Amino acid sequence: EYEFLPWSRSYQYVVRGQRDGSLTWAPTPEKVEEALFSDGVMRHTKVCFHLKSFAFDWRRIEDLSGLRIGATASYTYGRAFDTAVNDGRLRVEFVPDDLQNLKKLFRRRIQLFVSDIDVGYDLADTHFSPYEAGTLTHHPKPIQETLTCVILTRKNLKKSRRLLTIFNQGLETLRGSGVYDEMLAASRRGAYRQ
């Protein structure tokens with residue numbers, strides 16, 4: 001049974017044991033202590049989205065200082081980026097979800113929106129006009145590349161460990177049969193959009 005919730009709330013529900021699990025999350029040292037993690041489900045590449053009208057280039061995290069950046073609460077963007085935010089070296093505005101950030105970018109309230117490359121373009125294609133979506137681009141250098149996992153609550157370890165075993169076995173079967181790759185390709189073509 002699936003329920004769609006704001007990102008940070010879904011995580012807190014799992015930590016508190018109010019939900020069995022949530023998908024998908026990058027394992028960080030803090031999160032690994034709070035939840036059980038499955039085998040890696042998807043590789044995500046996070047990039048800096050910007051409008052084509054905004055000339056933008058970067059090589060090091062420091063190159064992002066002074067820019068108005070949008071990010072989503074409860075996400076990790078990699079050690080270098082997260083540390084620069086925590087140290088106050090980057091000006092980042094956090095909101096509850098990616099769509100809000102994309103709206104802010106199109107309204108020019110931020111200059112950059114850091115997001116998974118597939119998610120960013122899917123949101124643009126799904127929620128905005130073809131003209132608006134056509135004004136969006138991204139810098140080719142990734143902010144972060146990570147493998148994400150399903151998380152399960154630690155509040156009911158016996159049940160969570162059983163579910164984790166079943167999930168990991170199913171994931172391995174999908175990968176071994178080629179179905180996983182087919183599903184991923186279909187997703188990138190927009191086959192699963194509502």
Side-chain angles (χ1 to χ4, degrees), residues 1-14 19 21-28 31 38 40-58 61 64 67-78 80-82 84-85 90-151 180-194:
E1 189 176 314
Y2 287 89
E3 180 179 14
F4 293 91
L5 299 167
W7 199 253
S8 57
R9 188 184 318 161
S10 68
Y11 181 78
Q12 287 305 315
Y13 279 0
V14 171
R19 299 295 185 276
S22 177
L23 45 115
T24 60
W25 294 85
T28 63
K31 286 183 171 64
S38 72
V41 175
M42 268 186 91
R43 182 153 299 281
H44 292 271
T45 300
K46 291 180 183 166
V47 296
C48 292
F49 283 97
H50 60 95
L51 298 179
K52 290 177 181 175
S53 59
F54 177 62
F56 169 68
D57 193 19
W58 77 286
I61 289 293
L64 304 177
L67 298 173
R68 293 184 325 274
I69 304 168
T72 302
S74 298
Y75 286 14
T76 181
Y77 295 95
F81 186 91
D82 293 348
V85 170
L90 294 181
R91 185 174 152 194
V92 179
E93 300 172 18
F94 288 93
V95 296
D97 62 65
D98 291 334
L99 183 57
Q100 280 184 278
N101 272 313
L102 201 51
K103 288 177 182 177
K104 288 173 67 172
L105 183 65
F106 284 130
R107 292 178 185 142
R108 293 173 173 72
R109 291 176 44 210
I110 56 176
Q111 294 166 297
L112 303 177
F113 162 43
V114 184
S115 178
D116 176 90
I117 192 168
D118 293 323
V119 170
Y121 283 118
D122 182 64
L123 287 172
D125 291 342
T126 305
H127 296 280
F128 297 91
S129 71
Y131 172 79
E132 282 180 303
T135 66
L136 185 68
T137 191
H138 71 279
H139 192 280
K141 179 178 173 59
I143 284 279
Q144 179 193 36
E145 292 184 285
T146 189
L147 197 60
T148 59
C149 311
V150 170
I151 61 170
Y180 174 89
D181 291 331
E182 291 170 11
M183 293 170 71
L184 188 58
S187 176
R188 289 189 170 144
R189 289 190 311 270
Y192 304 120
R193 288 185 189 146
Q194 293 180 341

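One is the number of the first residue; the rest follow in order along the sequence. Quick caveat, the model's predicted, so the values are computed rather than measured.
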Do Phe54 and Thr135 have side chains that get closer than 4.5 Å, going by heavy atoms?
no
What I'd like to find out is whether the side chain of Phe56 reaches to under 4.5 Å of the side chain of Gln111, using heavy atoms alone.
no
Rounded to the nearest 0.5 Å, how far apart are CD1 of Ile61 and CG of Leu90?
6.5 Å
Measure the shortest side-chain to side-chain distance between Thr24 and His44 over non-hydrogen atoms and say whether it is less than 4.5 angstrom.
yes
Heavy-atom side-chain contact between Asp82 and Thr28 under 4.5 Å
no
So, for Leu147 and Pro27, which heavy atoms are closest and what is the spacing to 0.1 Å?
O-CD, 3.5 Å
Could you measure the distance from the CG atom of Asp98 to the NZ atom of Lys103? Nearest 0.5 Å is fine.
12.0 Å
Of Trp58, Tyr121, Phe113, which is the lone residue that meets ring-ring contact (aromatic ring centres under 6.0 Å, His included) with His138?
Tyr121
Check: Trp25 and Val14 side chains under 4.5 Å, non-hydrogen atoms
no
If I take atom CD1 from residue Ile69 and atom CG from residue Leu105, how far apart are they, to the nearest 0.5 angstrom?
12.0 Å
Closest approach of Ile117 to Phe49 (non-hydrogen atoms, all atoms of both residues)
O-CZ, 3.6 Å
Please report the interatomic distance CG(Leu67) to SG(Cys48), rounded to the nearest 0.5 Å.
8.5 Å
Return the minimal non-hydrogen interatomic distance between Gly40 and Cys149, and the atom names on each side.
CA-SG, 4.0 Å
Decide yes or no for Asp116 and Tyr75: does some side-chain heavy atom of the first lie under 4.5 Å from some side-chain heavy atom of the second?
no
Tell me, do Ile151 and Lys31 make a side-chain contact under 4.5 Å, heavy atoms counted?
no
What is the distance from atom OG1 of Thr72 to atom NZ of Lys46, rounded to the nearest 0.5 Å?
8.5 Å
Of Arg68, Gln100, Lys104, the residue whose pairing with Glu93 passes side-chain hydrogen bond (donor to acceptor under 3.5 Å, both in side chains)
Lys104
Is there a side-chain contact between Phe128 and Leu99 (heavy atoms, below 4.5 Å)?
yes
Around atom CZ of Arg109, are there more than 12 heavy atoms from other residues, nucleotides or ligands closer than 6.0 Å?
no
What's the spacing between Leu51 CG and Thr137 OG1 if we round to 0.5 Å?
9.5 Å
